[in-house]
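For reference, the structure is listed below as C-alpha cells.
Order of the sequence lines sets the chain letters (A, B, ...), proteins ahead of strands, with each chain counted from 1.
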Amino acid sequence: MEMMQSGQLDMEQLFPVRRVLNPDGTLVGEEPNFTTEELMSAYRWMVYLRTFDVRALNLSRQGRMGTFAPFAGQEACQVGSAFWLRRGKDWLFPTYRDHGSMQVMGVPGADIIRYYMGDEWGSHAPEDVNVFPISIPIATQYLHAVGIGWAAKIRKQDNVAVSYVGDGGTSPGDFHEALNFAAVQNTGTIFIINNNGYAISTPNRKQFKTKTLAQRALAYDIPGYRVDGQDILATLQVCKEAFDRAVSGGGPTLIEFLTFRYGPHTTPDDPKKYRAQSEVEAWQAKDALERMKKYLINKGLLTEEQDAKMAEEALAAVNAEIAKAEAAPRPKLDDIFDYVYATPTPELEKQRAYLKAFLAKQGQGEAK
Amino acid sequence: MEMMQSGQLDMEQLFPVRRVLNPDGTLVGEEPNFTTEELMSAYRWMVYLRTFDVRALNLSRQGRMGTFAPFAGQEACQVGSAFWLRRGKDWLFPTYRDHGSMQVMGVPGADIIRYYMGDEWGSHAPEDVNVFPISIPIATQYLHAVGIGWAAKIRKQDNVAVSYVGDGGTSPGDFHEALNFAAVQNTGTIFIINNNGYAISTPNRKQFKTKTLAQRALAYDIPGYRVDGQDILATLQVCKEAFDRAVSGGGPTLIEFLTFRYGPHTTPDDPKKYRAQSEVEAWQAKDALERMKKYLINKGLLTEEQDAKMAEEALAAVNAEIAKAEAAPRPKLDDIFDYVYATPTPELEKQRAYLKAFLAKQGQGEAK
Amino acid sequence: MAKMTLIQAINDAMKVAMRRDDRVFIIGEDVGLNGGVFRATEGIFAEFGEERAIDAPLAESGFVGVSTSMAVFGLRPIVEVQFDGFLAPAHEHLVNHIARIRNRSRGRFTCPMVLRIPSFGGIKALEHHSESIENWYANNPGLKIVVPSNPYDAKGLMLAALEDPDPVLYMEPKRLYRSFRAEVPEEYYTVEIGKAAVAREGTDVTLISYGVHVHTCLEAADKAAAKGISCEVIDLRSINPLDEETFLASVKKTGRAVVVTEAPKTGGFHSEIIARINDSVLDYLEAPVARVTGFDVPMPYLLSEDLYLPNADRVLEAIEGVKNY
Amino acid sequence: MAKMTLIQAINDAMKVAMRRDDRVFIIGEDVGLNGGVFRATEGIFAEFGEERAIDAPLAESGFVGVSTSMAVFGLRPIVEVQFDGFLAPAHEHLVNHIARIRNRSRGRFTCPMVLRIPSFGGIKALEHHSESIENWYANNPGLKIVVPSNPYDAKGLMLAALEDPDPVLYMEPKRLYRSFRAEVPEEYYTVEIGKAAVAREGTDVTLISYGVHVHTCLEAADKAAAKGISCEVIDLRSINPLDEETFLASVKKTGRAVVVTEAPKTGGFHSEIIARINDSVLDYLEAPVARVTGFDVPMPYLLSEDLYLPNADRVLEAIEGVKNY
Ligand SMILES: Cc1ncc(C[n+]2csc(CCOP(=O)(O)OP(=O)(O)O)c2C)c(N)n1
Ligand SMILES: Cc1ncc(C[n+]2csc(CCOP(=O)(O)OP(=O)(O)O)c2C)c(N)n1
Ligand SMILES: [Mg+2]
Ligand SMILES: [Mg+2]
C-alpha cells in the first residue's frame, strides 16, 4: 500500500518540463523578464559556441588536435548554466563536453583547443577564472562542486559552484554521494544533468528505469527540475533561480536538461551504430539557436542581416582562438617534471637529467 | 514551482510506518494471517538470538573472541527478513551485524563465533546454505545481492537475494549503484536498511537530510517501505510481500526498518559518548520480544512457564554452539596458503616451505 | 589458421568461448550493440543477444560488483572496463572481495571472472586513457594478471583465463590492438597462465618485459645485434603468477639484464623482477640490472607522451650500459 | 617536553596546527563528538567545534572527494580514513585527481591535504582492518607517503605534512599507537619529509624498514648483537620521497642488507629498495639483499595473524643468512 502510493506518483507531472519558448520561437506563457542585453548576449554565445564546436571537430578530424567531444545541440544548456556565474568568485567543474560553459565562464577557446591538442597548459585557467580542469572520470566532479560550497560556508562566503554530468553520469556512486553531502550541508551547489539520451551508445532505458532524472532529487529533499534543453530562455530562467537559491543559502538544486548531441560522442565514434538519423532530425527541428533567433526577430531585436553578421564575427573569433592555440609554444620537456610537486624530488631531478642527456645524445636536444 | 511540488510531498505520510502490533502487544488493525507455527517459530528465533547476542558479547569482553558487533534490539528485523528465504535456493548477503539473519538462514552459531574468534573457517557456510561471508566494506554487498538476481534471471531461475545495510550504509555510492542496477534489470532483490539511528557515533541527521530512507526508492521507481523494526509481525509481513514480489518477477524492494541497537557498536565502543541512556530506555520500552510475548500470551499461544522454558532451551542451544566453536580445531598453517588460489602458485609453495622450516627451527612446529 | 590482429584474436577468443560455454557473458560499457569503443566485442551482440553482451549502466563499481556474485552463482563474466584509468572506481571490489572470496570462505565461494582492461599508452588518447595500473594489483594476492604481446597469446591467454577457477586481470596493450597481424588457429587452445616465453634467444644480455615493450625490446635487440650484442628477450606474459624460472635461467646465462616497463619508475613492478634476480642469481651478475621505465610523473598528455614512453633507443642505451659496465 | 604515546603525539600535532592555522580542519567518520574510533581526535571537537571536526556521512569517496576541492579552495583538510582497508572506495579520487591536480593544471590548482590512514596489522582486529596498502600508491607520482615509527616523528611529520603544498598520505602504525611513550616537545616543530633516520648505528648488516618494523629490526639487532653481529637500522620515515642516500650509504658501509616490510612479498615496496641498491651499490654487496615480508596471501584473520607478520626471529634468521653468505 505504501508501494502503491509511491508507485502512483506521476513523476513526469511532478517534474513538468520547464519551457518558455515553443520550438517555433513563440512564447509558451508570459514574457520572461530578461534585459535585451542578456537576451542578445545569450544568443551571441550560442552562435559563437556552435561555430566553435563545428570547427573544433574538424580540427580533430584533420588531426590538428586529438580526440574531441563535440556539444553541438547542447548550447542552450551550456550557456544557460554558466551565464549567471560571477567570474573570479564562482566555480565551474566541467566534463569533457562542457567547453561551452567553460568559455562563457571565461576560459579562452584557445586553451580548450590546446587541451585537446594534448597540452596540459590548456587546463591552466586564467587566474580570475575558477574553472577546474575538465574531469574525465565520470561524476567525480560533482563532489568537487560540493566541496567548494562547503568550504565557502566554513569561510562565511557565498561562492557558488556548478558541476555537470550527462545521463550516464548519474549512475556512478559519486553522483549519489555528492547529492547527499550537499543536502546534509545545504551547500550552494548547482548540479546539472545534461541528459542527451545516450552515454556513448547506451540509451537512457539501459541507464536507469525512471521516466525522469530530476526525481532523484526526491531522495535527498532538494529541489529538482526538468528543463527543455533546447530553450535558452528556460535554461537561463531555471539556472537563475538555482543561482539565487545557492547565493542566498538556500542550498543545492538538481537540474535535468533534456537535450541531444547532434554529433558523435567523440571524434572516432559512429552514432549510426546506435541511433536513427530520424531521431537526430527530430531534435534538430527543435534547435535552440533557431528557436531563439525566431524569438529575437519576432521581438524586433534581430534582423537576418545582423544574424549573418553575428555568424561572421563568431567565425572570425573562433579562427582567432584556433590561430592562438596553434601559435602557442609546444609543451617543454621540463613541464612534465616541474608540476608533479611544488618542488621536484631528488629522484625526479635525476630522471629529468637522464632524459635530457639521452635526448642530447640522440641529437634531439629538447625537441621531439 | 516544480520545486514546491516535490518539496510539498510529505514523505512520512507517503511512507507511513508499517505496524501490526502496538508496543503493548495489542493489534493495530485486523489479525494478520500467520500460522501458529510461524508465530511460535519467529518468537523462538528472537529469544534464541537475544540469548546468543548477549553471550557472544560477553565472550568478546572476556577475550574468548575478538571484536564483536552485537544486534540486541534488532532481532525482529533479522528474523523477519530471513524468515521466508528458501534454504539452498535463496541468498543472503549480511553485514557484520546480521548474524541473526545468518542463523535463521541456516548458518550454525558456532561458525559465527569462530569467525569472531578470528578463523576464516567461520565463513565457510554449509553447502546448502547460500550465505555470503560477512561483508565489512559497507554497502558493497548490495551489489552482490543484485548480481544473484540478475544471474538467476539469465538462467531462468527464481533465486531471491536479501542484503542489508545500516543507516550509514545508505551513504556509499554502492548503495545507489545497486538500487539503480536492480531497478533497470528488475532483479528479485530485497534491500534491507536497518536504520538504528547511528553509524557508530554518527546520528541520522549528519548522515542524511531526509525524514525517511524509504523515499530513496522514489529515485528508482521501486517500492519502498518504512517498518516498525520492533514489531516482528510487521517485519514478517512486509518481507513476505517483498519475497513474493521477488519470486514472481516483480522486481526489487527497499525496506527501511526503524530500529535500535541496545548495546555498543562493537565491543570497544562506548555509546555513552554519543547517545543518552534515556534514548536507549525509550527503545527498550518498545522491545520486540516483550511485544510479541504479550501478543502470544493474549492469544493463548504462550504461558510464562513455556516462555521461561523457551529461554532455558535457548541458553542451552547457545552454549552448545559456543562449546562447539571452542572445541573446533584451530586454523592450520596450511590454511593461509591453500585458499588464495585453487592451486597455490610455485612462489606460494616456496613461502609455505620457508615458514614451516622457520617454525621447525624455532621448535614451534605447526603450533603458534 | 588465419591472420589476425591482437584485437581480432581477443574477439575471436570470446566468441569461441561463448559458443562452447553458455555461462560466459560479457558486461561493460557499450560492449553490446556498439561492439565496444575499440570494437573488441564486435559481432557478439548480434550472435549472442543482449543477455550475453550486456551494456551496463555507467558505474564500474556497479558492474564489477554485480559480476562478482554472478561468477559466484556459476556464470563466467568477462568484464570490460573501457579504459585502464576507469578501473579505479571498482578498486574496492577487486581488493576486498574478488581477490579474497575464495580465501575468506575457505573455498566455499569462488569468483572465476575475467576482467578485460585496455591498458598502457602509445595511442595518443585523452588523459586517464593510457595508464599502467598493474601496480595497483601486483602486490594483491588472489588475483592473476596476464598481458599478451601478440595475437596468438591473446587468444590462448583469454581462453586460459576463462578456464581459470580464479579471477584474472587481462591487460590489453591498446597500442598493439591493430599494429600487426599474426597467425592464429581458428580452433580452441590455451596458453598456460604463469609461463613466460623466450621471444628471442641471445647470449649477452637478457631483456625482460611484457606487453607493448616486448616489441620495444625486440627492436632494441635488432639494433644491438647490429652492434654485435646478442640479446635474449623474455616475454613474461603473466605478472602473477610470475615465471621467475625462465628469466632467472636467462640471466644466469647472460649475467646481464635490462627490465623494461612503462609504469613510473619508483615502485614499479619491474623492481620485483630485480629483487628476484637479487634473491637467486646475484652472483651471476656482471653488471647491475638496468631498468628502462616511465618517469615518476603522471602520464603526460599526448603532445608529451613520446617523452615519457620507453623506446628502443633508451633500451639500446641500457643494453650498452650493462654490456660495457 | 612531555611523555606521549604515538597517538597522543598525533592528537597533539593536530591541535597545535589547528590553533595556529584556522584553515586546518578534520573530516572523517566519527572524528567529531566521538573523538575517532582510536581516540586520535579526542578533545578536538570540544575545542574547535563541529565545523572543524566534521563527522562526514559514511562515504570515503565522498569525503575524500569534497576535501579535494576544499583544499583547492584554500582550506587544509586532515582526512581520517577509519581503517586502511576502507581507503579503497576513495582510490579514484586519489589517483585521478588528488595526485594530479597540480600537474594537470600546470600549478593553477593545488591540493594540500593530509590523509590519515591507520595502517598495518598486529592489533588482532577484524578483517580489512590490518592492511598494508602503501603499494596502491608507492608507484603513484604526485602523492607523498610518510610513516612515523615513534611519537617524536609522528608529531613532526604531521606538522610537516600540514605545511606541505602537496597531498601527503600519513600512514599510522596502529600497533604503535599505545605501545610505548617517548619525549615529545610541546611546541611546534617539523620533521622533514623525505629524510630517513638512522635508528641504530652498526657495521655488519643494514636493516631497512619503516613504521612498526623499525622496532622489529631494533629487536632483531639486539638479538644479533648478542651473537656478535652489529646491525645498523634505517627508519625510512618516508616512502615517497624516498631517501636513498641514507640507506645506500649504510649498505655501502656494511655490504649486507635486510629489508623488512609487512605487505605481501611479491611486488611489495621493499623491492624498490632492493632495486635502488642494485642501481647504485651492487658492487659493494657481499650477499644478496634479504627480504623479510608478509606472505603472498590476504591478511589472515586474527588467530593466524602472527603467522603472517614479520617478527624479530625471522629478521634475525635473515641477518645471519646475509652475514654467513
Ligand atoms: C569512470 C569512467 N568510466 C568510463 C568512462 C568512459 N566514458 C567517457 S564518456 C562516457 C559516456 C558518458 O555519457 P554521459 O554521462 O551521458 O555524458 P555524454 O558523453 O553523453 O555527454 C564514458 C563511458 C569515463 N570517462 N569515466
Ligand atoms: C567502507 C567502510 N568504511 C568504514 C567502515 C568502518 N565502519 C564499520 S561499521 C561503521 C558504521 C556503520 O553504521 P551503519 O551503516 O548505520 O550500520 P550499524 O553499524 O549501525 O549497524 C563504520 C564506519 C567500514 N566497515 N567500511
Ligand atoms: Mg549522455
Ligand atoms: Mg546504524
**Message:** For a quick test of reading the model, state the closest non-hydrogen atom pair linking D/Ala88 to C/Val95 and the distance between them.
**Reply:** CB-CG2, 4.2 Å
**Asked** With a 4.5 Å heavy-atom cut-off, do D/His128 and C/Arg100 have their side chains touching?
**Response** yes
**Asked** What's the verdict on side chain to side chain contact (heavy atoms under 4.5 Å, CB included) for C/Arg104 and D/Glu127, showing C-alpha distance, side-chain angles and the deciding distance?
**Response** CA-CA 9 Å; C/Arg104 299 176 66 227; D/Glu127 62 181 328; 2.8 Å; yes
**Asked** Between the side chains of D/Tyr325 and C/Asp283, does any donor sit under 3.5 Å from an acceptor?
**Response** yes
**Request:** Determine the interplanar angle of the C/Trp136 and D/His91 rings, folded into 0 to 90°, and report it as parallel if under 30°, tilted if 30 to 60°, perpendicular if over 60°.
**Result:** perpendicular
**Message:** Less than 4.5 Å to any heavy atom of chain C: does that hold for the side chain of D/Asn103, its backbone, both, or neither?
**Reply:** side chain
**Message:** Can you confirm whether more than 12 heavy atoms, excluding those of C/Glu286, are under 6.0 Å from its CD atom?
**Reply:** yes
**Residue part contacting chain D, namely of C/Asn240, when any heavy atom lies under 4.5 Å** = neither
**Fill in**
Between D/Thr266 and C/Asn139 the two heavy atoms that sit nearest each other are O-ND2, 2.8 Å
**Asked** If you count heavy-atom pairs under 4.5 Å between each of D/Val289, D/Leu94, D/Leu87 and chain C, which one has the most?
**Response** D/Val289
**Item:** Heavy-atom pair count under 4.5 Å with chain D, highest-scoring of C/Ile133, C/Asn96, C/Ile273, C/Ile277
**Value:** C/Asn96
**Request:** Examine whether an atom of C/Ala90 lies under 4.5 Å from a heavy atom of chain D, and if so say whether it belongs to the side chain, the backbone or both; otherwise answer neither.
**Result:** neither
**Fill in**
Answer key: most heavy-atom pairs under 4.5 Å with chain D among C/Glu134, C/Lys265, C/His93 is C/Lys265
**Prompt:** Non-hydrogen atoms of chain D under 4.5 Å away: do they reach the side chain of C/Leu242, the backbone, both or neither?
**Reply:** neither
**Prompt:** Pairs in or reaching into residues 247-277 of chain D: which pass ring pair (Phe, Tyr, Trp, His ring centres under 6.0 Å), with residues at least two apart or in two chains?
**Reply:** none
**Asked** For C/Asn278, is it the side chain, the backbone, both or neither that has a heavy atom under 4.5 Å from a heavy atom of chain D?
**Response** both
**Prompt:** With a 3.5 Å cut-off and no angle check, do the side chains of D/Arg276 and C/Ser271 form a donor-acceptor pair?
**Reply:** no
**Asked** Would you say D/Lys252 has more than 12 foreign heavy atoms packed within less than 6.0 Å of its NZ?
**Response** no
**Portion of D/Glu60 that has a non-hydrogen atom of chain C nearer than 4.5 angstrom** = neither
**Asked** Using non-hydrogen atoms only, which part of C/Tyr301 is less than 4.5 Å away from chain D: side chain, backbone, both, or neither?
**Response** side chain
**Request:** Would you mind reporting whether D/Leu282 and C/Leu285 have side-chain heavy atoms less than 4.5 Å apart?
**Result:** yes
**Message:** For C/Arg291 and D/Asp279: C-alpha separation, side-chain torsions, deciding distance, then whether side chain to side chain contact (heavy atoms under 4.5 Å, CB included) applies.
**Reply:** CA-CA 9 Å; C/Arg291 36 180 173 170; D/Asp279 293 347; 2.7 Å; yes
